[in-house]
Amino acid sequence: MTDDPYALSGPQSHDFWAKSIARRITERDLDDPIVIKGGISPSGVPHLGNMNEIARGYFVAEALRDRNRTVRQVFTADDRDPLRRLPRTLADLDGNTVGLGDVDAGALGRNLGKPYTAIPDPFGCCDSYGAHFSALIERSADRLEIPVETVSNTELYESGAFEDVTRYLLEHREQARDVLANYQNTVGDDYVPFRPICGDCGHVTETNSVRSVDLDAGTVTYVCTDVEAGDRTIEGCSHEGVATLREGKLPWRFEWPAQWHVLGVDFEPFGKDHAEGSWPSGVDISRNVLSDVPPVPMTYEWFTLDGRPFSSSDGHVVTVGEVVEFLEPEVLRYFFTKDPSRARDFSVERIDQLVNEFDEFERTYFEEVGSDRRTTREASVAYPAVVDAVSEQPIRLPYTFAAVLGMTDDADLREAMARREGHIPAEASERSIEAALERVEYARQWAERTDNAYNYRLEADLPSVAFDSDTEEALDELASVVEREADGETIQSAIFETARDHGLSPGELFTAGYRLFFGTEQGPKLGPFLAELDRAFVVRRLRREA
RNA sequence: GGGCUGGUAGCUCAGUUAGGCAGAGCGACGGACUCUUAAUCCGUCGGUCGGGGGUUCAAAUCCCUCCCAGCCCGCCA
């Protein structure tokens with residue numbers, strides 16, 4: 001009954017889902033360390049959705065550590081899986097994406113059917129294709145500041161860690177086949193739960209390639225077969241050979257329970273695609289073939305990106321590396337504290353909303369106001385796991401305001417504007433102000449990336465512009481208004497009035513202002529913005545002097 | 001076709017554990033004065049809680065049924 005993968009539907013014991021899961025785990029009376037696992041196939045660029053495998057487990061790990069348990073969080077790089085099709089986009093180790101055409105696609109194509117770890121790295125920087133993309137996954141975890149231990153599946157095979165369980169499954173292959181046949185219609189009499197790697201062409205062969213098993217010698221004989229990959233066939237070479245139990249891989253439906261067995265996994269989150277497929281069969285295999293206890297499960301719903309599913313092949317992806325260019329890592333971690341049983345949209349366009357939510361979440365933790373009791377309790381548990389270390393409450397500039405500050409490179413001006421708007425308390429320490437202003441760079445990146453309403457830059461030097469005499473006179477008059485210590489609304493009104501007084505439409509004068517200050521036709525609401533700037537500078541600029 | 005998960009304001013989501021006034025943020029709209037200009041501030045509008053039925057003094061919440069979306073029931077992971 002604890003095998004129900006929808007662990008988070010129905011009554012929960014705690015306000016924060018990770019605590020409810022932690023309780024389920026501790027109810028099992030396990031020895032330390034408790035092992036939490038996730039798994040990702042290093043088939044291409046790891047996107048934000050893939051990070052569920054690591055981030056969800058992290059919050060459970062933290063909840064267990066709160067109970068003074070020792071936790072080991074691992075993720076398996078499922079890198080013995082064969083490359084089945086070429087990804088359309090790849091990424092170098094810095095996360096910069098490149099098209100398939102930018103690497104030697106032909107060389108990659110010739111390696112279809114081989115394990116990721118047996119394929120040369122198209123970038124030439126890592127030991128293999130698998131190592132390259134595993135490194136990218138690790139880097140994503142690093143950027144989320146989540147400590148995980150990477151386990152290479154290939155390494156588990158080659159080191160012999162999988163050998164005993166492989167031998168056991170081959171010894172009991174009829175039972176294994178019978179159990180799996182309850183879940184997969186295509187399991188035939190020739191099914192063997194082992195896929196030897198062809199000694200000649202290097203392909204991972206199919207589950208019907210084994211011809212004989214010699215457990216005493218620890219070998220199988222096989223015939224290299226074709227492999228179905230989606231709508232295509234990767235041709236085998238018909239080579240007849242002998243493979244040891246370390247020279248092949250278990251089919252996924254067995255490999256997963258075998259990982260639990262070998263690594264002693266106590267908890268594993270997984271995507272909804274597993275919930276009705278490999279999870280139930282995995283439980284059955286674990287309990288009834290391997291005589292194990294399967295881990296506590298947790299299904300998570302998938303993310304969408306700007307309303308559409310993540311799609312590596314269509315290039316509709318966003319990586320952790322990209323996201324942490326425009327928000328703080330703790331904000332991204334906060335995203336993963338949300339209820340995993342609900343599908344979630346991650347919107348780059350509306351990233352300001354997520355940051356606002358995080359700020360509210362943080363305020364709830366420190367001030368315990370403005371929210372209901374449940375939310376407060378949730379924040380009190382989840383917040384410490386989201387930030388590096390709980391210290392004093394940080395100063396947070398509203399994200400879109402930070403984007404406005406990003407229109408200027410002048411650090412002093414940024415601070416002055418933030419102070420004037422009351423976002424920095426008078427007694428704030430230099431250190432805390434510096435930290436607060438770091439958000440400006442994030443918001444600036446966001447504005448540039450989405451090219452949105454905040455993507456303007458204050459021109460440090462006078463742009464080369466020419467105006468007619470009416471406009472010049474209007475600008476001079478406006479300069480006088482600003483000189484008289486006018487506030488934002490007054491300047492805004494003055495733009496309209498001055499324009500009319502000089503026979504211009506307000507739009508023409510606005511445009512002239514945007515040209516002078518931003519070198520563009522449009523910009524932020526001009527009056528209040530100019531009011532925030534240094535008076536003398538604004539006056540000089542309006543007079544076209546500097 | 002069968003099974004599973006989800007559906008709450010224009011958008012993103014809380015609220016469903018234990019039935020008790022329908023919520024937040026964003027967006028939109030409005031903010032005297034000769035005023036189309038995106039930050040900040042103030043305010044307003046915004047709902048068939050997917051539809052229908054039932055239980056109940058009372059239902060977003062419990063039960064039945066239907067609709068829609070996603071996933072699984074082939075391969076692969």
Side-chain angles (χ1 to χ4, degrees), chain A residues 4-6 8-15 20 39-41 43 78 81-82 84-85 183-187 204 206-207 227-233 251-253 255-256 270-281 299-302 304 307 309 338-339 341-347 349-357 359-360 370-372 374-375 378 397-407 417-418 420-423 443 452-456 488-490 492-497 499-501 505-507 509-511 513-514 521-529 531-532:
Chain A
D4 179 7
Y6 303 100
L8 294 174
S9 66
Q12 297 298 313
S13 55
H14 293 78
D15 293 312
S20 301
I40 303 174
S41 188
S43 55
D78 294 332
D81 302 344
R84 302 173 71 239
R85 65 180 152 215
Y183 302 89
Q184 291 192 329
N185 297 329
T186 51
V187 174
V204 179
E206 267 301 354
T207 50
V227 171
E228 299 296 324
D231 51 0
R232 277 179 310 177
T233 300
W252 167 247
R253 295 281 181 135
E255 188 174 72
W256 202 20
F270 45 84
K272 62 182 320 192
D273 53 333
H274 289 309
E276 304 299 327
S278 42
W279 171 255
S281 66
T299 305
Y300 59 81
E301 286 279 331
W302 289 348
T304 51
K338 292 160 172 266
D339 184 355
S341 66
R342 264 175 187 271
R344 286 271 150 210
D345 188 54
F346 186 89
S347 172
E349 297 282 337
R350 302 316 319 269
I351 206 88
D352 56 312
Q353 286 194 18
L354 178 64
V355 181
N356 285 345
E357 273 184 51
D359 289 352
E360 176 72 20
S371 302
D372 56 47
R374 185 192 170 281
T375 312
E378 187 177 9
L397 304 177
Y399 190 77
T400 50
F401 182 73
V404 172
L405 297 187
M407 293 178 191
M417 289 173 77
R420 224 169 309 183
E421 283 298 332
H423 293 306
N452 61 9
Y454 305 95
N455 190 18
Y456 297 106
E489 282 305 313
T490 306
Q492 185 74 6
S493 298
I495 296 172
F496 285 95
E497 290 165 18
R500 260 186 296 275
D501 290 348
S505 73
L509 191 52
F510 272 111
T511 302
Y514 290 130
E521 302 282 306
Q522 294 203 315
K525 191 168 180 176
L526 201 51
F529 187 85
E532 298 292 348

Note to self: Please classify the nucleic acid contact of A/G307 as base, sugar-phosphate, or nothing, using heavy-atom distances under 4.0 Å.
What the structure shows: nothing
Next item on the list: Mind checking A/F510 for me? I need base, sugar-phosphate or nothing, with any heavy atom below 4.0 Å counting as a touch.
Entry: base
Next item on the list: Determine yes or no for a side-chain-to-main-chain donor-acceptor pair under 3.5 angstrom, with A/S20 supplying the side chain and A/H14 the backbone.
Entry: yes
List every contact pair, protein side and nucleotides 60-68 of chain B side both N or O, where the distance is under 3.5 Å.
none

Item checked: Reading 5' to 3' through nucleotides 1-9 of chain B, protein heavy-atom contacts under 4.0 Å coded B for base, S for sugar-phosphate only, - for none -> --BSSSS--
Note to self: Holding to side-chain contact (heavy atoms from CB on, under 4.5 Å), I want the full list of residues that pass it with A/E276, two or more places apart in sequence or in another chain.
What the structure shows: A/Y6
Checklist line | side-chain contact (heavy atoms from CB on, under 4.5 Å) against A/D345, all qualifying residues, sequence neighbours excluded | finding: A/T304, A/S347
Closest to the [X] side chain: [options]?
{"X": "A/S493", "options": "B/A77, B/U40, B/C35", "answer": "B/C35"}
{"X": "A/E206", "options": "B/C76, B/A39, B/C13", "answer": "B/C76"}
{"X": "A/F496", "options": "B/C76, B/C71, B/U36", "answer": "B/U36"}
{"X": "A/H274", "options": "B/C13, B/A77, B/C75", "answer": "B/A77"}

Checklist line | Nucleotide forming a Watson-Crick or wobble pair with B/A22, both distances under 3.5 Å | finding: none
Check: What residues, two or more places apart in sequence or in another chain, satisfy ring-ring contact (aromatic ring centres under 6.0 Å, His included) together with A/Y514?
Finding: none
Note to self: Using side-chain heavy atoms (C-beta onward) and a distance below 4.5 Å, is A/Y456 in contact with A/V404?
What the structure shows: no
Between the protein and nucleotides 44-47 of chain B, are there any N/O to N/O pairs under 3.5 Å, and if so, what are the atom names and distances?
none

Next item on the list: Would you kindly check whether a donor in the side chain of A/R84 faces an acceptor in the base of B/C75, or vice versa, at under 3.5 angstrom?
Entry: yes
